[in-house]
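Report on the following structure.
In what follows, residues are counted from 1 in the order of the sequence shown. Only heavy atoms go into these numbers, but all of them, side chains included; no hydrogens, no water, no symmetry mates.
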Amino acid sequence: MSLRVQKIKNGTVIDHIKPGKAFNVLKILGIDCNYPETVTVMMNAKSKKFGKKDIVKIENRNLEKKEIDKISLLSPDAKVNIIKNSRVVEKHEVEIQDIISDVLSCTNPDCITSHEEIKTKFYVISKNPLVMRCHYCERLVSELKFK
Ligand SMILES: [Zn+2]
């Protein structure tokens, strides 16, 4: 992992990450020090809109929809830019979905999803602050326990 700031040729830039959450984003994406490509992490960069923000640039990596959904839960204002040949070819504003499927684990140890191989499902009751209800045990969950 390097800390230089530069434009990337191909890959993904995740901008407007909540300050301090850059490493959580990398964790969600399964990127650690063994990752073979260049990863640039900027923490507490100045942002006109939010005061401070984190930015993550990952070379030669695209994001799957499920990964973008996870990032939306962690940092609802994040923006994902897909770069090809040094140009932004796609921009995604992340958005918390109304139903969160198979991304989070239920925090209730007695929930059936904690014991059996069932896809979890949560209904979003409130987005800010984030509150979800488990489809199976109906527990209200606001803690993010990623699967
Ligand atoms: Zn549950």
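- Enclosure of atom NZ in Lys27 is not indicated, since only 12 or fewer non-hydrogen atoms of other residues, nucleotides or ligands lie within 6.0 angstrom.
- With sequence neighbours excluded, the residues that form a side-chain contact (heavy atoms from CB on, under 4.5 Å) with Glu64 are Glu67.
- A donor-acceptor contact shorter than 3.5 Å is absent between the side chain of Ser101 and the backbone of Lys121.
- Ile99 and Ile125 end up in different hydrophobic clusters when Ile, Leu, Val, Met, Phe, Trp and Tyr side chains are linked at under 4.5 Å.
- Atom NE2 of His16 and atom CD of Glu93 lie 9.0 Å apart (nearest 0.5 Å).
- The shortest non-hydrogen separation linking Ile14 to Ala78 is CG2-CB, 4.3 Å.
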For the pair Val124 and Ile100, evaluate side chain to side chain contact (heavy atoms under 4.5 Å, CB included) and give the outcome as yes or no after the intermediate values. CA-CA 7 Å; Val124 174; Ile100 312 292; 3.7 Å; yes
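- How far CG of Asn81 is from CD1 of Ile83: 5.5 Å, rounded to the nearest 0.5 Å.
- Shown here for Ala22 and Asp54, the closest heavy-atom pair between the two residues is N-OD2, 3.1 Å.
- Comment: Asp15 engages Lys53 in a salt bridge, judged by a side-chain N to carboxylate O separation of less than 4.0 angstrom.
- Put simply, the side chain of Asn10 gets close to the backbone of Asn85: a donor and an acceptor are under 3.5 Å apart.
- Taking CG from Leu29 and CG from Leu63, the interatomic distance works out to 5.5 Å, rounded to the nearest 0.5 Å.
- Under the side-chain hydrogen bond (donor to acceptor under 3.5 Å, both in side chains) criterion, Gln97 pairs with no residue at all, not counting sequence neighbours.
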Kindly list each side-chain donor-acceptor pair under 3.5 angstrom involving residues 126-142, sequence neighbours excluded, with atom names and distances?
| residue | atom | partner | partner atom | Å |
| --- | --- | --- | --- | --- |
| Ser126 | OG | Pro129 | O | 2.5 |
| Lys127 | NZ | Ile96 | O | 3.0 |
| His135 | ND1 | Tyr123 | OH | 2.7 |
| Arg139 | NH1 | Thr107 | O | 3.4 |

Please lay out, stage by stage, how Asp102 and Lys147 fare under the test salt bridge (charged side-chain N to carboxylate O under 4.0 Å, His left out). CA-CA 8 Å; Asp102 204 29; Lys147 288 179 83 173; 2.6 Å; yes
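- For the atom pair CD1 of Ile58 and OH of Tyr35, the computed distance is 6.0 Å after rounding to the nearest 0.5 Å.
- Taking all atoms of both residues into account, the shortest heavy-atom contact from Lys18 to Ser75 is N-OG, 2.8 Å.
- Residues Val13 and Val56 form no side-chain contact, since every pair of their non-hydrogen atoms from C-beta on lies 4.5 Å or further apart.
- Distance OG1/Thr12 to CD/Glu90: 9.0 Å, rounded to 0.5 Å.
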Does the side chain to side chain contact (heavy atoms under 4.5 Å, CB included) test come out yes or no for Leu73 and Phe146, once each step is laid out? CA-CA 10 Å; Leu73 293 171; Phe146 290 108; 4.2 Å; yes
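- In this structure, the separation between CG on Asp69 and CD1 on Ile28 is 10.5 Å, given to the nearest 0.5 Å.
- Between Cys106 and Thr120, the shortest heavy-atom distance links the atoms N-CG2, 4.4 Å.
- In this structure the side chain of Leu144 reaches within 4.5 angstrom of the side chain of Leu104, judged on heavy atoms.
- Taking 4.5 Å as the limit, some side-chain heavy atom of Ile82 sits within range of a side-chain heavy atom of His92.
- Between Ala45 and Met42 the shortest heavy-atom distance is CB-CE, 3.7 Å.
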